[in-house]
Amino acid sequence: MLKITKLRKKFGDLEVLKGVDLTAEQGQVVAILGSSGSGKTTLLRCLNFLEIPEEGNIKIGDVSIDAQSYSSRELNLLRRQSAMVFQHYNLFRNRTCLQNVTESLLANKVMDRKNAEEYGIQLLRKVGLEDKKDVYPSKLSGGQQQRVSIARALAVKPRVILFDEPTSALDPELVAEVLNTIRAIAETHTTTMLIVTHEMNFAKEVADKVVFMEQGKILEEGTPGQIFRLPKNERTRQFLSRYLVPEYNI
Amino acid sequence: MAFDIKYMLDVLREIIPYTPITLFLAIASMFLAGILGLGIALVKQFQIPVLEQIAAVYVSFFRSIPTIVELFLIYYGLPQIFPIFSKMEALSATILGLSLKNAAYLSEIFRAGLLSVDDGQMEACIGVGISKVYAYQHIILPQAFQNALPGMSNTFISLIKESSLAFTLGLVDLFAQAKLIASDSFRFFEAYLAVAAIFWVLVVVLTLLQQHLEAYMQRYR
Ligand SMILES: Nc1ncnc2c1ncn2[C@@H]1O[C@H](COP(=O)(O)OP(=O)(O)OP(=O)(O)O)[C@@H](O)[C@H]1O
Ligand SMILES: [Mg+2]
């Protein structure tokens, strides 16, 4: 479903992705962990070419792109296979919540306005914000904005949703509402999800697969059980020990 | 000669019919300057080679020369080099001159407006598969326009005032008409005070409109 092969990305002389391989099945939830600067954000941003990789191949659904030769048509097709949820939400400021959700449907003429609005309201209901449909984003809390941005991503019916630290800009008391929203979508196992997060308990609970990145490479991957309980790599172990409170069995 | 308020009101009555010329000059110039200014701002935004350098020279030139020098250059100077320009009327010459000059100012205002739109807005468009062209039309430019609105209003207000330079090209606007009337009666103070009063009222009304428009545009702030 999602297949990344030998992906490389440089910023000037700095090699940020050093040949990343990753696959995900339809409906699979993949948590991406790693310390700051390891290239997690860059990896996600290469998947919709917000950053342009130098080398490698990206395949999402039926669309496959080689970084060294692709047409702008292929690029547009690739971009329409995924939807991104940003750390700082990036809702369209000049659009109401409902318009934020329906914009991509109207832009790409997927639906007419009436159907798009009905569908948009349905999605806002799913994230618990139907009553905010005519409100502008600036009037919402961070947690509410992030839930709208999740509805906006769902509207695209993407093959894969890319979450880049969706809760790390939020006040602690707002984290749970966003994680619950993501969990509810994850549990349906309809959309593939790549989630970069520092919420270890959340990753452990919802992910089907956990990936640990370090210095532009994937050092280790496995089920949450494998990674959190028996990490093979010493770096993974060190990293996790900083986040996980040891479990005491009495 | 003491101040004669009745005379001033007479002048006012005679010159008010000329205000549409002033407004027409300002609106037409604003419209053309807006289109050209947006073009220049986009050329700079997308760093289009060659055009970008031309735009820089253009802006620097038209920002530097006094409006009256520019109008003389166009109306009296151009026909000497290009004979077809001798057919140009004072009205067109004024609109051309004011448009060219204010396009330079507006391009800077639009550019600042574009720069103040958060990069995250375009990234979010791409992130949900919206094309860049659509993103500019529906998300980026409307926000840039809102940011540019105060600067645009100021440009329009100075255009209203600058339009009175048209009389130096022989166009009879309200200022020129007042001057004609005053040179008969020698009551310059009343005549020019009437002109000043009209400009004052125009600008006050425009400022009110501007405030309403800005309040409306601020609804999503
Ligand atoms: N636009 C850019 N220009 C230059 N260098 C960049 C750019 N974006 C990222 N980098 C560098 O690339 C490296 C990886 O950055 P990236 O943002 O992908 O890390 P990350 O794993 O997401 O980190 P964090 O957990 O802090 O978000 C870092 O060294 C960063 O400084
Ligand atoms: Mg990051």
Side-chain angles (χ1 to χ4, degrees), chain A residues 41 44-45 47-51 63 72-73 75-97 99-110 134-140 145 148-159 161-164, chain B residues 34 37-38 41-43 45-49 106 109-153 209-221:
Chain A
T41 296
L44 288 197
R45 288 168 63 89
L47 299 187
N48 54 17
F49 277 58
L50 279 179
E51 303 294 353
V63 182
S72 64
R73 206 188 120 267
L75 178 56
N76 285 332
L77 270 176
L78 180 81
R79 281 177 168 160
R80 289 179 60 179
Q81 306 303 306
S82 66
M84 189 168 246
V85 172
F86 297 84
Q87 190 174 353
H88 295 103
Y89 343 123
N90 295 352
L91 289 180
F92 306 134
R93 295 174 58 99
N94 58 334
R95 292 287 187 259
T96 63
C97 291
Q99 289 168 338
N100 262 277
V101 178
T102 56
E103 198 69 40
S104 68
L105 300 172
L106 302 176
N108 293 320
K109 302 196 168 66
V110 178
D134 296 322
V135 172
Y136 285 96
S138 60
K139 301 288 187 300
L140 300 181
Q145 291 190 51
V148 173
S149 101
I150 292 169
R152 175 175 72 177
L154 286 171
V156 189
K157 295 207 174 101
R159 294 301 195 110
I161 306 186
L162 312 168
F163 292 88
D164 188 13
Chain B
L38 182 61
L42 291 174
V43 161
Q45 173 87 352
F46 297 119
Q47 300 175 359
I48 300 170
L106 282 177
I109 291 167
F110 289 147
R111 173 118 176 85
L114 277 168
L115 283 176
S116 59
V117 178
D118 180 25
D119 289 342
Q121 297 288 303
M122 178 54 98
E123 294 190 350
C125 287
I126 294 172
V128 293
I130 293 174
S131 74
K132 282 191 177 172
V133 174
Y134 185 98
Y136 261 92
Q137 281 173 357
H138 296 263
I139 304 295
I140 310 295
L141 285 176
Q143 291 183 41
F145 178 72
Q146 192 214 319
N147 298 335
L149 205 56
M152 289 171 70
S153 307
L209 281 177
Q210 170 191 359
Q211 283 164 359
H212 274 84
L213 190 59
E214 274 172 30
Y216 173 72
M217 298 291 285
Q218 288 288 332
R219 70 198 183 285
Y220 55 77
R221 273 288 150 100

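Per chain, numbering begins at 1; letters A, B, ... match sequence-line order. Nothing here was measured: the structure is a model prediction, and the numbers come from that model.
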Exercise. Pick one of side chain, backbone, both or neither for Phe86(A), based on which atoms fall under 4.5 Å of a heavy atom in chain B.
Key: side chain
Quiz item: Is the shortest heavy-atom distance from the side chain of Met84(A) to the side chain of Ile126(B) under 4.5 Å?
Solution: no
Exercise. Check whether Gln81(A) gets within reach of chain B through its side chain, its backbone, both or neither, counting any heavy atom under 4.5 Å.
Key: neither
Quiz item: Is there side-chain contact between Glu123(B) and Arg45(A), with heavy atoms separated by less than 4.5 Å?
Solution: yes
Quiz item: Do you know which of Arg152(A), Glu103(A), His88(A), Arg95(A) has the most heavy-atom pairs with chain B at a distance under 4.5 angstrom?
Solution: Glu103(A)
Quiz item: So, Gln121(B) side chain and Leu91(A) main chain: donor-acceptor pair closer than 3.5 Å or not?
Solution: yes
Quiz item: Near Phe46(B) CZ, under 6.0 Å, is it more than 12 heavy atoms from other residues, nucleotides or ligands?
Solution: yes
Quiz item: Do the non-hydrogen side-chain atoms of Asn94(A) and Gln146(B) ever get within less than 4.5 Å of each other?
Solution: no
Practice problem: Using the test ring-ring contact (aromatic ring centres under 6.0 Å, His included), find all partners of His138(B) that sit at least two apart in sequence or belong to another chain. | Solution: Tyr134(B)
Practice problem: Measure the spacing between CG of Asn90(A) and CE of Met122(B) and express it to the nearest 0.5 Å. | Solution: 12.5 Å
Practice problem: Side-chain contact test, heavy atoms from C-beta onward, threshold under 4.5 Å: evaluate it for Arg79(A) versus Ile130(B) and give yes or no. | Solution: no
Practice problem: Quick one: closest heavy-atom pair of Gly129(B) and Arg80(A), and the distance? | Solution: O-CG, 3.8 Å
Practice problem: Check the surroundings of atom NZ in Lys132(B): do more than 12 heavy atoms from other residues, nucleotides or ligands lie under 6.0 Å from it? | Solution: no
Exercise. Kindly give the heavy-atom pair with the smallest separation between Val128(B) and Ala153(A), and that separation in Å.
Key: CG1-CA, 4.5 Å
